[in-house]
Amino acid sequence: MKYISTRLDAPALSFEDVVLQGLATDGGLYVPDFLPRFDDKKLSQMKKMTYQELFFEVTECFIGDEIDRNTYREIIAKSYKNFSHEAIAPLKQLNQNEFLLELFHGPTLAFKDFALQFLGNLLEHFLTKRNENIVIVGATSGDTGSAAIQGCKACKHASIFILHPHNKVSEVQRKQMTSVIEDNVFNIAISGNFDDCQSMVKEMFKDQSFLNGKRMVAVNSINFARIMAQIVYYFYCSLRLGASKENAISFSVPTGNFGDIFAGYLARNMGLPINQLVVATNKNDILHRFISQNDYKLESLHHTLSPSMDIMVSSNFERLLFDLFGRDGEALSEQMNAWKTASGSIEEYRWQAARALFDSYSVNDERTCEVIKEVFDETEYLLDPHTAIGVEAARQCRRDRAIPMVTLATAHPVKFPEAIEKSGVDISPELPHHLSDLFGRKEKYDVIENNLASVHRKVAEHRRK
Ligand SMILES: *Cc1c(COP(=O)(O)O)cnc(C)c1O
């Protein structure tokens, strides 16, 4: 399998190079140059597979012959052995034809573990083979950082530096990062906000001279390996619900960076019978505005009760645009350049194509809390705020009640106590057993002033040589 850039002005790369590189040199994102397709017969054979077996079947084609089959099976097995539920991604029924796919049984209680546990093992495999050490740098408002640390801490060839805004992440989220005391993990609390952290990471990727030639790897969702891993649970869930050509399933996906929903879009293009794909956003609604009214204007960032979806620009959206532009990288490049000065819309017929693919809905904080309360009163099921947005979007956008609608439950409610408290439900969520000692664990992190030179110094000093 070859991977091509959405701007078509960078070399095509192998899977291994795509995993290690991140953004393409022309500023585009890498996508596979074709997709495998599964027919009904193949889908029905896949029904009995375990999560790990299915992972292998669904993703094998993306890897090609770059990893031998047995090694690849081992990487997959390792990636899902730290999940606390036998089913990996269990389904819960809320109501008639209304389901939740629980994606929070991984080590950090959010769906990002599905991709980052895998990415960590993948990196370790490639880096051992190449005998190369790398530096991983990332900024986090909570979920990505802890999932990246848990995924990569065992990777002996990587030093991991995660920047978070000092005193601005929840206690559970901070503890999940800072209680990892491996000597290749460095938590840096910046005296600033999340945007400060993110812009420092962007600067570091732009000018890597402070690393003296060491490779810097991105673990955010521009890394295609993350998207690929997320395709699997769409298959897993649909097959459990008996999906076939005559019985398609619908999904509602809380999203910000268009990563998770893009994985669903790929699953559909790979032959999985999906009826509706609902894009669920919080008040940062650029994706909803685009899908509902062809409005792709940047607005200022809103801080919400669902912080993992607080974004201004949706980094994976370009991967969809590439398809909407008929995979014409040149035309897309022109559009992206035009948007630098005047953001706005795309040609009507291209937008109509997007509208046929997705439904969308935006949910504000007030409504998010109401939904948490309503669903708890109806079912005694406690939603986290991101999932609540998904459930509300599903209910608002649903066209046919005879078709099962699955909302991706992206996080455990214990990670977001503020929203739970504001919703007025009468219980507080508890940490699952394997994390029950979290608050007593020792922490290790440095508080660093909000300036790039200090962060440079820290990284250069502590990275593996
Ligand atoms: C990251 C995250 C999301 C959004 O994921 P995208 O990659 O933007 O689709 C949703 N919910 C939770 C809990 C997250 O951590």
Side-chain angles (χ1 to χ4, degrees), residues 29 89 100-117 119 138-151 164 169-170 172-173 176-177 194 198 218-231 233-234 251-267 277-288 291 301 304-320 358 360 362-363 368 372 383-393 407-420 429:
L29 281 82
L100 294 171
L101 184 65
E102 291 186 345
L103 300 176
F104 51 74
H105 295 283
T108 72
L109 312 180
F111 88 96
K112 291 191 172 69
D113 290 326
F114 276 81
L116 282 161
Q117 289 284 307
L119 183 60
T140 188
S141 55
D143 286 346
T144 306
S146 55
I149 289 171
Q150 286 295 337
H164 72 264
V169 299
S170 78
V172 175
Q173 290 187 317
Q176 281 187 322
M177 297 191 276
F194 172 62
Q198 200 163 35
V219 292
N220 56 12
S221 59
I222 61 165
N223 197 314
F224 184 75
R226 277 188 59 178
I227 306 280
M228 182 189 87
Q230 291 169 213
I231 296 171
Y233 47 69
Y234 287 92
F251 287 92
S252 172
V253 185
T255 192
N257 266 322
F258 208 74
D260 216 0
I261 186 91
F262 187 71
Y265 163 79
L266 292 183
L277 272 176
V278 179
V279 172
T281 75
N282 63 23
K283 199 171 176 212
N284 298 286
D285 63 350
I286 187 165
L287 292 170
H288 169 57
I291 289 161
L301 188 74
T304 72
L305 292 173
S306 45
S308 300
M309 288 157 45
D310 288 349
I311 54 98
M312 276 166 61
V313 190
S314 221
S315 46
N316 279 291
F317 189 61
E318 181 166 339
R319 289 187 158 119
L320 175 71
F358 300 98
S360 69
S362 156
V363 184
T368 302
I372 292 173
L383 300 169
D384 104 287
H386 305 80
T387 309
I389 288 171
V391 167
E392 174 71 354
T407 296
L408 301 192
T410 51
H412 191 292
V414 77
K415 295 190 88 169
F416 301 98
E418 195 189 345
I420 305 302

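We're numbering straight along the sequence, starting at 1. We count ligands from 1, going down the list as the structure has it; atoms in each ligand are counted the same way.
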A.B. asks: Can you check whether N316's main-chain N or O pairs, donor with acceptor, with N257's side chain at less than 3.5 Å?
C.D. replies: no
A.B. asks: Under a 3.5 Å threshold, yes or no: a donor from one side chain and an acceptor from the other, between D260 and T255?
C.D. replies: no
A.B. asks: How close do S170 and K415 get, counting heavy atoms only, and between which atoms?
C.D. replies: OG-O, 3.4 Å
A.B. asks: What residues form a side-chain hydrogen bond (donor to acceptor under 3.5 Å, both in side chains) with S308, not counting sequence neighbours?
C.D. replies: D143
A.B. asks: Can you check whether G390's main-chain N or O pairs, donor with acceptor, with S252's side chain at less than 3.5 Å?
C.D. replies: yes
A.B. asks: With a 4.5 Å heavy-atom cut-off, do R226 and L119 have their side chains touching?
C.D. replies: yes
A.B. asks: Residue by residue, ordered by chain and number, which ones reach under 4.0 Å of ligand 1 with a heavy atom?
C.D. replies: F111, K112, D143, P254, T255, G256, N257, F258, G259, D260, S308, M309, H386, T410, A411
